[in-house]
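Keep in mind that what you see is a predicted model, and the values were worked out from it rather than measured. Throughout, numbering of the chain's residues begins at 1 and tracks the sequence.
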Amino acid sequence: AYTMAGNNLSCIDSDLGRIGLSVCYDLRFPELYRALAAEKAELILVPSAFSATTGDAHWHTLLRARAIENCSYVIAAAQWGQHPSGRQTYGHSIVIDPWGRIVAEKSEGKGLLLAEIDRNEIDRARKQLPCLTHRQSWL
């Protein structure tokens, strides 16, 4: 039911599991990711173009936090390089498991990043740390 981008949650079902969709700046809003988890997202995509400055300071920390707090895989394709405007993007395409461990990462350059997704890790994490079912609303 959530397939439109914009102000609505976007989740799709796939052979890999239920995928929650987000993009770049969304990473700074944990409530979006909690809402995706409430919609049963098991993998969360975050294509991004973080600047070199904000990427170096926040990229890994924010991605790992979103994976851990939602017991989900986070998969983030990241733009890398120097742009004609002079802007430098950070890169570091990455796959993070539900425990916040980096499964695969391509720091810089063009290429393909492959990683194995173990759906059992999602179930294990959600059983060992049932924060999604213990969640309360303080807002």
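Scanning both residues, G20 and C11, for their nearest heavy atoms gives CA-SG, 4.1 Å. Nearest heavy-atom pair, L9 versus E39, reported as atom, atom and distance to 0.1 Å: CD1-CG, 3.7 Å. In terms of heavy atoms, C71 sits closest to L129 at SG-O, 3.7 Å. The two residues G81 and H83 make their nearest non-hydrogen contact at O-CD2, 3.3 Å.
For the atom pair CD1 (I117) and CD1 (I122), the distance works out to 7.5 Å, reported to the nearest 0.5 Å. In this structure, OG on S72 lies 11.0 Å from NZ on K40, to the nearest 0.5 angstrom. Separation of atoms CD1 (I19) and CD1 (I75) is listed at 7.0 Å; rounding is to 0.5 Å. From N8, atom CG reaches atom CG of L21 across 12.0 Å, with rounding to the nearest 0.5 Å. In this structure, L45 CG and D26 CG are separated by 12.0 Å, a value rounded to the nearest 0.5 Å.
Counting only residues at least two apart or on different chains, the salt bridge (Lys or Arg N to Asp or Glu O under 4.0 Å) pairs with a member in residues 98-117 are D97-R101, R101-E121. Sorted by first and then second residue, the ring-ring contact (aromatic ring centres under 6.0 Å, His included) pairs with a member in residues 91-116 read H60-H92, Y90-H92; sequence neighbours excluded. Every pair passing ring-ring contact (aromatic ring centres under 6.0 Å, His included) that includes a residue from residues 28-52 is listed here, sequence neighbours excluded: Y25-F29, F50-W59. Among residues at least two apart or in separate chains, salt bridge (Lys or Arg N to Asp or Glu O under 4.0 Å) pairs with a member in residues 51-77 are R66-E69.
As a member of the Ile/Leu/Val/Met/Phe/Trp/Tyr network built from side-chain separations under 4.5 Å, I68 groups with nothing else and remains a singleton. As a member of the Ile/Leu/Val/Met/Phe/Trp/Tyr network built from side-chain separations under 4.5 Å, W80 groups with nothing else and remains a singleton. Under a 4.5 Å side-chain heavy-atom cut-off, the cluster of Ile, Leu, Val, Met, Phe, Trp and Tyr residues that includes L114 is completed by L112.
A donor-acceptor contact shorter than 3.5 Å is absent between the side chain of R126 and the backbone of L132. Proximity of a side-chain donor or acceptor of S48 to a complementary backbone N or O of A78 within less than 3.5 Å is not detected.
Every residue was checked against the salt bridge (charged side-chain N to carboxylate O under 4.0 Å, His left out) condition with R87, not counting sequence neighbours, and none meets it. Under the rule for a side chain to side chain contact (heavy atoms under 4.5 Å, CB included), the partners of L16 that lie at least two apart in sequence or sit in another chain are S14, L43. With sequence neighbours excluded, no residue forms a side-chain hydrogen bond (donor to acceptor under 3.5 Å, both in side chains) with S93. Listed by chain and residue number, V95, V103, A104 satisfy the side chain to side chain contact (heavy atoms under 4.5 Å, CB included) test with A115 (two or more places apart in sequence, or in another chain).
Counting heavy atoms from C-beta outward, L36 and N70 have side chains that stay 4.5 Å or more apart.
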